[in-house]
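So the structure is just underneath, and the comments pick up after that.
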Amino acid sequence: MKKLKSSLIRMAVAIGVACGVLSGRAATYTDGDNHVWTYTTDATSATVTGVTPCEYDLVIPAELGGKPVTSFSATMFKGNTKISSIEIPDGVSYVGNNAFNGCTQLQIVKFGAGINSIGEWAFGNCSLLQKVELPSATTAIGRGAFAYCVKLTTAKLPGVMEIPGAAEGKDPGDWEGFKGYGAFYGCEKLKTLELGTGLVTIGHGAFYGCKELYDVIIPDSVTSVGNYSFAECNKLYSVSFGNSVEQIGCYAFNNDVHLAVIVFGGTSLHTFWGGAFNGCVDLNNVVLPEGLQKIKSYSFQGCTALQSIVIPDTVTEMGIGAFANCTALKDAKLGSGLTAVSGAEDGRDPGDWEGFKGCGVFYCCTALTNVTLSANLKQIHCGAFYGCSELSTVTIPDKVTEIGGYAFAECVNLKKAVIGNAVRLIGTHAFYDDLRLEELKLGEKVQTINEYAFANCSALKPFKFPDSVLTVGPWTFCNCDSLTKVSLSDSIGVIGSGVFSGCDRLTDIVIGDSVEEVSGADDSRTPGDWEGFKGYGAFYGCTSLTNVHFGSSVATIGCGAFYGCTSLTDIKFSDGLLWIGNSTFFGCTSLKSIDIPGSVS
């Protein structure tokens, strides 16, 4: 007798551990398939606490003990590797957190009509589950509810109001942080998706990695599409946005490499957050909706098939790299609402070429030939059009006051640049390496031209310095091989180091009466260090220079200023010159006479 009791106790413990929690006075029911269900009841309902055997095809009874079944134990099925199908009765309203998580053999779930919510990760990692068809009563599902259901092909969600994902506040740059939180994250075989008309929010990472999705129709009720919500959906071809969508989150469609058709509905959409369509390499046409206000950083970066873009007049902000590396983009029209074309922040080291890469709105749009700039534009920031190698003409509107560093650098086919009459500053390397730039017209208010602004513009022809120019930075026009004559304005005080170095066709230079210094290498260089002076002189290596007219205010000729000017024959300085630096005329092999005034100390 004792042995029999002991065996019964061990069997009861085994059943409780495997298939649910047995409370002290649980009742039992045996169905037609010889499944023994344990349950408890209260005054109005029954709760299933376990089943034996817990395997194969299970139908949770609709009624036990004369009471409708309204719930089942939260842990009775979790991790079960033998269940192949489950039918949940209409009386059950909630499927708890992790209820079927890890049921790796579960293929079919029939949801009862009364289910109104499904908990977090309730069916996560059910790797053989093929369809999810929720009743219209189901309005809420939890994070990761069906995550990693890698064989899931169909999801019909007629009543769901929110498809959740990662919590707010996660760093959008942290891709890993979004993994597993989306309700359908990693459902690699999901092809058919039907969203209900009451859906309001698609959460962060909701459908991240659904690689078989082909088209998505977002209902008119949806107002927000979250970060990474459809990222890495490799076969996604078309997306249609409803009339109420207000914002599309960071990297929402990141790397959807076959996305080719985007349709925006209505005028509610106001913001594309950073990287929204980053890397959508098949996207060749986009009509942006009126009402759009902000296109954040890298929104369309790397959309290498995109051919044209019209920015609506309602847009007031375009972030850095918004259309960077759109290598097929030929035409861009910027609306009247834009006052700036973004690029790298002003604090970057001008010598740090790498730091400017990718930051300009149109960085390396190598097919871009036509750009219509807004008449209301006031600033063109650093690197905005860096590497737009097919641009041939640029006309800067008259409200622009500043052209940032590298703004048009390496636009190697740019032939004509007209600088508007409000521009006061041309930044460092602004037109650097524009090898075919021939015609330059400077606006009447330009005051500062920073270092290397037109360096290596080897086709640049003579142009007029407006009287407004006060400062010409170091190496501004170095290696401009086609410059033959330069007449500097009377307002310039200093000709910086290397400004015209390497201009080997320059024959005539007129230095205005306001110029006090013609710069060269700094005084600390060793006079015997010939190599150390190369390139620093304002006119270093101007091998065709024959005529130099010094203005009346020149007081200082810097070290190596005319180093290697092999065609110079005669030099006459104006009275008032005080100092001639080391190696100033080193290598001037044709120099025959030099008139040094008595004022030189």
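Values below: every heavy atom of this structure, side chains too, minus hydrogens, waters and symmetry copies.
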Exercise. Any donor-acceptor pair under 3.5 Å linking the side chain of Arg424 with the backbone of Thr401?
Worked result: no
For this session: To the nearest 0.5 angstrom, please state how far the OG1 atom of Thr569 sits from the CG atom of Leu545.
Result: 10.0 Å
Problem set entry | pair Tyr208-Glu232: side-chain heavy atoms closer than 4.5 Å | yes
Exercise. Ser229 side chain to Gly205 main-chain N or O, any donor-acceptor pair under 3.5 Å?
Worked result: no
Exercise. What are the two closest non-hydrogen atoms of Gly274 and Lys296, and how far apart are they?
Worked result: N-CB, 3.5 Å
Exercise. Backbone N or O of Thr484 within a donor-acceptor pair of the Thr507 side chain at under 3.5 Å?
Worked result: yes
Exercise. Under 3.5 Å, is there a donor-acceptor pair between the side chain of Thr476 and the main chain of Ala455?
Worked result: no
For this session: Take the angle between the ring planes of Phe362 and Phe385 and call it parallel below 30°, perpendicular above 60°, tilted in between.
Result: parallel
Problem set entry | Positive for side chain to side chain contact (heavy atoms under 4.5 Å, CB included) with His258, one of Leu283, Leu236, Val281, Asp282 | Asp282
Exercise. Which one of Tyr540, Phe454, Phe539, Tyr536 satisfies the ring pair (Phe, Tyr, Trp, His ring centres under 6.0 Å) criterion with Trp475?
Worked result: Tyr536
For this session: For Ser468 and Glu444, indicate whether the former's side chain and the latter's backbone hold a donor-acceptor pair under 3.5 Å.
Result: yes
Exercise. Taking only residues two or more places apart in sequence or in another chain, which ones pass side chain to side chain donor-acceptor pair (under 3.5 Å) with Ser336?
Worked result: Asp313
For this session: Show your working on side chain to side chain donor-acceptor pair (under 3.5 Å) between Asp570 and Ser593 and close with a plain yes or no.
Result: CA-CA 5 Å; Asp570 301 282; Ser593 67; 2.5 Å; yes
Problem set entry | Pairing residues for Leu577 by the side-chain contact (heavy atoms from CB on, under 4.5 Å) criterion, not counting sequence neighbours | Val554, Ile557, Phe573, Ile580, Pro597, Ser599, Val600
Exercise. So, do Phe230 and Val239 sit near enough that their side-chain heavy atoms are less than 4.5 Å apart?
Worked result: no
Exercise. Looking only at atom types and distance, does a side-chain atom of Asp398 sit under 3.5 Å from a main-chain N or O of Asn421, one as donor and one as acceptor?
Worked result: yes
Seminar exercise, completed: Residues at least two apart in sequence or cross-chain that pass side-chain contact (heavy atoms from CB on, under 4.5 Å) with Lys416, listed by chain then number, are Thr393, Val418, Glu439
For this session: Given ring-ring contact (aromatic ring centres under 6.0 Å, His included), test Phe272 with Phe277 step by step and report yes or no.
Result: CA-CA 9 Å; Phe272 292 141; Phe277 296 94; 5.8 Å; yes
Exercise. Is the backbone of Thr566 close enough, under 3.5 Å, to the side chain of Thr543 for a donor and an acceptor to pair up by distance?
Worked result: no
Problem set entry | Aromatic contact, Tyr432 with Tyr386 (centres under 6.0 Å) | no
Exercise. Out of curiosity, Leu483 CG to Ser544 OG, how far, rounded to the nearest 0.5 Å?
Worked result: 12.0 Å
Seminar exercise, completed: The salt bridge (charged side-chain N to carboxylate O under 4.0 Å, His left out) partners of Lys399 (sequence neighbours excluded) come to none
Exercise. Partners of Lys235 by salt bridge (charged side-chain N to carboxylate O under 4.0 Å, His left out), sequence neighbours excluded?
Worked result: Glu212
For this session: Kindly write out the residues that satisfy salt bridge (charged side-chain N to carboxylate O under 4.0 Å, His left out) with Glu516, not counting sequence neighbours, or none if the list is empty.
Result: none
Problem set entry | Ser567 backbone acceptor or donor facing Ser590 side chain under 3.5 Å | no
